[in-house]
Number of protein chains: 2
Amino acid sequence: MSTETPPSKRERTLAALVEHGLDMFERQGYEQTTVAQIARAAGVTEMTFFRYFPAKEHLVLDDPYDPILTAAIAAEPRESPPFLRAARGIRSAWRALPEPETPIIRRKVRIAAGTPSLRGAVWRSTGNTEQAVVEQLVADGATPEVARVAAASVLAALVAGLFSWAESERGTLADAIERALDVIEVAS
Amino acid sequence: MSTETPPSKRERTLAALVEHGLDMFERQGYEQTTVAQIARAAGVTEMTFFRYFPAKEHLVLDDPYDPILTAAIAAEPRESPPFLRAARGIRSAWRALPEPETPIIRRKVRIAAGTPSLRGAVWRSTGNTEQAVVEQLVADGATPEVARVAAASVLAALVAGLFSWAESERGTLADAIERALDVIEVAS
DNA sequence: TGCCTGAATGTTAGTCGCTCACATTATTCG
DNA sequence: CGAATAATGTGAGCGACTAACATTCAGGCA
């Protein structure tokens with residue numbers, strides 16, 4: 001029926017690790033869950049876990065959105081100040097995006113939002129995106145200092161919106177992000 | 001001559017730990033420096049290090065500014081939107097503050113800015129300040145969601161300004177922060 | 001001055017995240 | 001089927017951090 005090929009062994013153990021990992025994080029907390037426990041629950045060795053994820057936190061953190069964001073920022077008119085260009089670019093990027101498979105994303109974000117050490121990790125992992133945004137703004141004429149502040153501030157708003165969305169049971173991701181950007185774009 | 005009492009033993013080992021720690025971080029990098037190495041250089045045991053700092057990163061991260069910030073935000077007129085209230089509050093708070101003993105602060109911020117894992121730690125450690133700002137904004141009538149976004153975004157700008165300041169050899173801390181807030185307050 | 005109490009430090013052992021070198025078992029495809 | 005390659009296991013070890021317990025040191029009081 002479905003056109004999907006049967007999952008390879010690699011895909012199956014990956015899915016098992018994610019499934020058991022998120023499950024145990026939700027039940028007993030991130031810090032209280034050991035990598036060895038997750039591996040054991042997935043029928044695999046601790047070593048194997050680290051072959052799939054470079055660190056424990058990566059079971060919760062992806063981040064595939066860099067190219068879309070930077071492209072959208074590049075499309076903004078250069079007359080606006082960098083801060084507004086970044087905010088509006090992100091806004092229009094998300095508007096154009098299909099709503100992603102939210103169930104698992106919501107679980108991950110909720111775990112991250114509720115775990116102090118992961119909140120830090122989220123910020124660090126946003127570093128790549130931030131760097132991309134900075135480069136785009138600089139390419140469009142902003143100074144590096146200004147670009148760094150603009151990028152950091154806008155992305156912080158985005159992350160805060162993400163966290164709020166995950167904690168509230170309802171609403172779409174796109175709406176939450178729009179509302180977050182509304183808070184910041186007080187100039188029109 | 002000086003009115004200072006002679007440093008106690010505790011003060012002396014604390015100073016030794018900070019001094020050798022920062023020194024080694026600058027010379028060989030944060031990740032490449034071991035807590036045991038710092039302790040040894042300070043003539044003390046690894047265990048003693050952790051009696052002074054709850055974690056390695058705390059040798060670099062303080063954060064004594066919460067009360068001043070929240071007070072200044074409370075003083076802002078409530079007609080403005082929360083985002084601007086937070087930004088302007090922080091601005092006026094720093095304007096009123098005496099320029100702190102910058103040499104050691106600059107060293108710490110520079111180390112933090114140049115170490116990915118510490119950038120994340122800074123963000124996590126800002127959580128307290130963020131929470132305080134959120135509470136102040138909510139007390140002044142903002143919704144929690146709006147307050148969280150505003151606080152996160154403004155503090156991110158502040159941190160970005162801090163990092164820029166530390167990396168550039170000259171300029172005062174207050175000026176750097178003002179410039180960072182200028183980027184964000186595009187509405188007037 | 002000498003003791004005495006509490007602060008400061010040391011010791012040992014252990015957990016957890018994470019890495020490396022090397023051996024072993026599965027998969028898949030010619 | 002057999003060989004190449006992918007996936008996993010083993011064991012040893014490092015570094016951050018914690019806890020229980022023992023020890024030494026500092027400074028005030030008789």
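Order of the sequence lines sets the chain letters (A, B, ...), proteins ahead of strands, with each chain counted from 1.
Distance, A:Arg12 CZ to D:dA7 C1': 11 Å, rounded to whole Å. Atoms NZ (A:Lys9) and C1' (D:dG9) sit 11 Å apart, rounded to a whole Å. At whole-Å resolution of the value, CZ in A:Phe50 and P in D:dG11 are 18 Å apart. Note: CZ (B:Arg51) to C1' (D:dT24) measures 12 Å, nearest angstrom. Counting to the nearest Å, the P atom of D:dG15 and the CD atom of B:Gln28 are 12 Å from each other. Taking atom CZ on A:Phe53 and atom P on C:dT19, their separation rounds to 14 Å, with Å as the unit. Note: CD (A:Glu46) to C1' (C:dC18) measures 8 Å, nearest angstrom. We find that CG of B:Leu14 is positioned 15 Å from C1' of C:dA7, with the value rounded to whole Å.
Within the nucleic acid shown, B:Thr33 comes within 4.0 Å of sugar-phosphate atoms alone, with no base atom in reach, counting heavy atoms only.
A:Thr115 and A:Glu31 form no side-chain donor-acceptor contact under 3.5 Å, judged by distance and modelled atom types alone. Side-chain atoms of B:Tyr52 and B:Thr13 include a donor-acceptor pair closer than 3.5 Å.
Residue whose closest nucleotide on DNA chain C sits further toward the 5' end, between A:Met47 and A:Gln37: A:Gln37. Mapping B:Glu31 and A:Val44 onto DNA chain D by nearest heavy atom places A:Val44 at the nucleotide closer to the 5' end.
Two residues are said to be in side-chain contact when any heavy atoms from C-beta on lie closer than 4.5 Å; B:Trp94 and B:Leu69 meet this criterion. Side-chain atoms of A:Gln136 and A:Arg85, non-hydrogen and from C-beta on, never get closer than 4.5 Å to each other.
Within the 4.0 Å cut-off from OP1 or OP2 of C:dA8, not a single side-chain nitrogen or oxygen of B:Thr13 is found. Contact annotation: B:Tyr52 reaches the phosphate of C:dT9 (side-chain N/O to OP1 or OP2, under 4.0 Å). B:Lys56 has a side-chain polar atom (N or O) that falls below the 4.0 Å cut-off from OP1 or OP2 of D:dA16.
In this structure, A:Lys108 NZ and A:Leu61 CG are separated by 8.5 Å, a value rounded to the nearest 0.5 Å.
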